[in-house]
Number of protein chains: 2
Amino acid sequence: MLTTEKIRRIRQLNRDYTRVLGVMNKQIFGTTLSWPEGRIMIEIGLNHLTAPMQVASRLGLDRSYTSRTINRLVKRGLIEKLPSPTDSRSVQLRLTPEGRRVFAQINTRSDDQLVDLIRDLSTAEQEELYASFATIDKLLFKREGK
Amino acid sequence: MLTTEKIRRIRQLNRDYTRVLGVMNKQIFGTTLSWPEGRIMIEIGLNHLTAPMQVASRLGLDRSYTSRTINRLVKRGLIEKLPSPTDSRSVQLRLTPEGRRVFAQINTRSDDQLVDLIRDLSTAEQEELYASFATIDKLLFKREGK
DNA sequence: ATTTTTAGTGGACAAAAGCCACTATCTGCG
DNA sequence: CGCAGATAGTGGCTTTTGTCCACTAAAAAT
């Protein structure tokens, strides 16, 4: 078991890192999307979630709220809803061409921001940082390193 | 410069880790405090921020909103406002005895949650995880390792 | 076949957060 | 010094975000 001191240090890092992510997230969606709208676009575009329920439970959002937010995105022409072939209560979500354009923009900007965050580090330090992230990813989320 | 692939992996981790932190944050303040109230308590109790403005800018919150939230905590008897000796526009924030009690409770719970998160890992893995967090802390926030 | 669960939705509402304007102080500067 | 501009805290108002509940229709379970 980790010492209390180490636990506290991780928690401090959590708070600090949450703060920088918060700042980044505010700027990202200076595009046209609000932060929850952007999150939903990412879940559909990147993680290929197709049902509103999947999106809601992944993001920890209320079904109702998720439904409304998705419908807003449909109205803006970024997402389309197709009838689900397997469950006629449900729908299949998909990015429209315009939605894919916006999604690509979000990705590009987000990448840029992250690059910006580590700009001051040397190449060796950047790789060291990446290795640490990859280790955390491996240990907490069981994704294999590379 | 890190490859796009590595950047993308860090971003994926960011989203996943944000999600687990989000879940944790919801449960923490099942105590009596809302999440922003808790954050403010932590900033005052742990990082010893004394002025409302410091709290606001650190948490990236609106001055007005911060002011109201602090006043709510004052009314609940968790924080007290003393006149600042150096600036009579400002105030000095301090936890009351009751506030310190609640603060200690938040800390204990938060520690427990983090311990819980890494419960499944072996001792060696936990230390490996800590080392990774410490490296990130060092590289991004210049805090020295230990 | 009937009960129970689940997906999506709308209405009403609560909580979180931001914007603007105002007061009182403080700071910098001619 | 005296005054222009900045800053700290606050209240009113609005927007955004998110929750709760009830309802419909379809699916799954019994």
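Letters A, B, ... mirror the listed sequences (proteins, then strands); counts begin at 1.
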Out of C:dT9, D:dG18, D:dG9, whichever nucleotide has its closest atom nearest the side chain of B:A51:
D:dG9
Can you work out whether B:D62 or A:T66 has the more 5'-proximal nearest nucleotide on DNA chain D?
B:D62
Could you state the atom-to-atom distance from NZ of B:K26 to C1' of C:dA16 in whole Å?
13 Å
Does this structure show an ion pair linking B:D112 with B:R109, if we count only N-O contacts that are shorter than 4.0 Å?
no
Give the rounded distance in Å between these two atoms: CG of A:L61 and C1' of C:dT9.
16 Å
Residues B:T4 and B:R8: side-chain donor-acceptor under 3.5 angstrom:
no
Side chains of B:L59 and B:T66: does their closest heavy-atom pair fall under 4.5 Å?
no
Counting primed atoms, P, OP1 and OP2 as sugar-phosphate and everything else as base, the B/S/- map of nucleotides 22-30 of chain D against protein heavy atoms under 4.0 Å is ---BBS---
Counting only side-chain heavy atoms from C-beta out, which of D:dA8, C:dC19, C:dG8 sits nearest to B:S64?
C:dC19
Whole-Å distance separating the CG atom of A:N71 from the P atom of C:dG8
11 Å
Tell me, please, which residues at least two apart from B:R76 pass salt bridge (Lys or Arg N to Asp or Glu O under 4.0 Å).
B:E37
Write down the distance between CG (A:L93) and P (C:dA7), rounded to a whole number of angstrom.
13 Å
Which nucleotide sits closest to the side chain of A:Y65: D:dT17, C:dG8, D:dT10?
D:dT17
Residue A:R39, side-chain heavy atoms: nucleotide from C:dA16, C:dA7, D:dG18 that is nearest
D:dG18
Can you list everything that forms a side chain to side chain contact (heavy atoms under 4.5 Å, CB included) with A:Q126? Sequence neighbours excluded, please.
A:I118, A:L121, B:L2
Measure from the side chain of B:R68, starting at C-beta and using heavy atoms only, and say which of D:dG12, C:dA17, C:dT9 lies closest.
D:dG12
Provide, to the nearest angstrom, the distance between the CD1 atom belonging to A:I40 and the P atom belonging to D:dG18.
9 Å
Looking at B:S67, does any N or O in its side chain come under 4.0 Å of the phosphate oxygens OP1/OP2 on D:dT10?
yes
Distance in angstrom units between B:L73 CG and D:dG9 P, rounded
15 Å
Is there a side-chain contact between A:R19 and B:R58 in this structure, where contact means two heavy atoms from C-beta onward sitting under 4.5 Å apart?
yes
Please report, rounded to the nearest Å, how far the P atom of C:dA14 is from the CZ atom of B:R72.
15 Å
Could you tell me the separation between the CD1 atom of B:I70 and the P atom of C:dA16, rounded to a whole number of Å?
15 Å
Could you check whether the rings of B:F133 and B:Y17 sit parallel, tilted or perpendicular, using 30° and 60° as the cut-offs?
tilted
